[in-house]
Amino acid sequence: MNVMLLGAPGAGKGTQAAKLIERYGLAHISTGDILRDAVTRGTPMGVAAKSFMDKGELVPDFVVIGLVKERLQRPDIKGGFILDGFPRTVAQAQSLGDVLKELGLKLDAVVSIEVNRASLVNRLTARRTCKECGGIFNVATQPAAASGVCPTCGGALYQRDDDTVETVTNRLDVYDRSTAPLVDYYRKAGLLKTVDGNASADHVFSQVVAAIGG
Ligand code: AMP
């Protein structure tokens with residue numbers, strides 16, 4: 001099963017991807033995670049990407065398209081994959097279509113997770129991620145995470161550099177301008193399923209599972 005998760009920053013794509021991986025063992029392709037890893041390792045691509053990411057701007061299309069094309073050629077893709085945070089522009093979506101065709105792959109479903117803007121701002125600024133297990137928590141709704149220690153594995157929780165109020169506002173504007181048109185793009189392609197992402201993560205997950213016919 002090859003699934004794309006669409007949705008604004010903070011809609012819960014990462015959380016739902018983790019649940020899908022646990023249930024179906026799919027490979028996770030998150031361009032945000034790949035870029036953050038490159039930033040941490042200080043690779044030339046990471047250094048170049050950081051200036052865009054810190055402002056909440058999109059990294060140039062050719063960079064992320066190249067990353068995804070390479071990732072889609074790894075063997076673990078054969079068992080199915082989740083695209084999370086890619087594509088983010090119509091140009092990326094068109095290139096993805098070309099790459100999938102070239103590699104003999106196809107998407108089974110595109111799931112758009114829809115959350116109102118006020119909740120997105122609250123979620124993003126309260127988001128903390130575990131340095132050890134990558135778990136995602138919300139300090140406003142999960143008091144166990146407010147201590148800065150991961151409730152799952154005991155690792156240290158950190159706030160992403162781009163989850164500050166100023167950067168979040170720009171990221172949401174960039175989403176509305178550049179990424180939201182993909183909802184129509186995939187609706188026209190007959191692949192789109194929408195789920196209400198305002199509910200609890202477990203409730204959203206049951207909608208996602210139903211949407212992909214799992
Ligand atoms: P994310 O973790 O998906 O919210 O991505 C964090 C940041 O990485 C974004 O704000 C962008 O700067 C960059 N990024 C991630 N995915 C893409 C993409 N598909 N196209 C362009 N930039 C991206």
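Atoms within each ligand, like the ligands themselves, are counted from 1 in listed order.
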task: Around atom 8 (O) of ligand 1, find the nearest protein heavy atom and jot down its residue, atom name and distance.
output: Met53 CE, 3.5 Å

message: For a quick check under 3.5 Å, do Asn170 and Glu57 share a side-chain donor-acceptor pair by atom type?
response: yes

query: Cluster question for you: counting only ILVMFWY and a side-chain heavy-atom cut-off of under 4.5 Å, with indirect links fine, are Leu5 and Val90 together?
result: no

query: Relative to ligand 1, is Leu58 under 4.0 angstrom through side chain, backbone, both or neither, heavy atoms considered?
result: both

- prompt: Does the N or O separation between Phe52 and ligand 1 drop below 3.5 Å for any pair?
  reply: no

query: Can a non-hydrogen atom of Arg36 be found less than 4.0 Å from any atom of ligand 1?
result: yes

- request: State whether the number of non-hydrogen atoms from other residues, nucleotides or ligands found under 6.0 Å of Phe62 atom CZ is greater than 12.
  value: no

message: I need the nearest protein heavy-atom contact for atom 22 (N) of ligand 1: residue, atom name and distance, please.
response: Val59 N, 3.0 Å

query: To the nearest 0.5 Å, how far apart are CG in Leu83 and NZ in Lys13?
result: 12.0 Å

task: List in chain and number order the residues that pass side chain to side chain donor-acceptor pair (under 3.5 Å) with Lys131, two or more places apart in sequence or in another chain; answer none if no residue qualifies.
output: none

message: Within ligand 1, which atoms have a heavy atom of Asp162 less than 4.0 Å away?
response: 6 (C)

- prompt: Taking Arg128 for the side chain and Leu157 for the main chain, is one N or O donor matched with an acceptor at less than 3.5 Å?
  reply: no

task: For ligand 1, find out whether one of its N or O atoms is nearer than 3.5 Å to an N or O atom of Gln92.
output: yes

- request: Starting from atom 16 (N) of ligand 1, locate the nearest protein heavy atom and write down its residue, its atom name and how far away it is, to 0.1 Å.
  value: Thr31 OG1, 2.8 Å

- prompt: Considering only protein heavy atoms, which is closest to atom 12 (O) of ligand 1, and at what distance to one decimal place?
  reply: Glu57 O, 2.6 Å

field: Test item, Arg160 contacting ligand 1 (heavy atom, 4.0 angstrom)
entry: yes

statement: of all protein heavy atoms, closest to atom 9 (C) of ligand 1 is Arg88 NH2, 3.9 Å

message: Minimum heavy-atom separation for Thr31 and Arg88, please, with both atom names.
response: OG1-NH1, 4.4 Å

- prompt: Do Asp61 and Thr89 get their side chains close enough for a donor-acceptor pair, meaning under 3.5 Å?
  reply: yes

- prompt: Nearest to atom 14 (N) of ligand 1, what protein heavy atom do you find, and at what distance?
  reply: Leu35 CD1, 3.5 Å

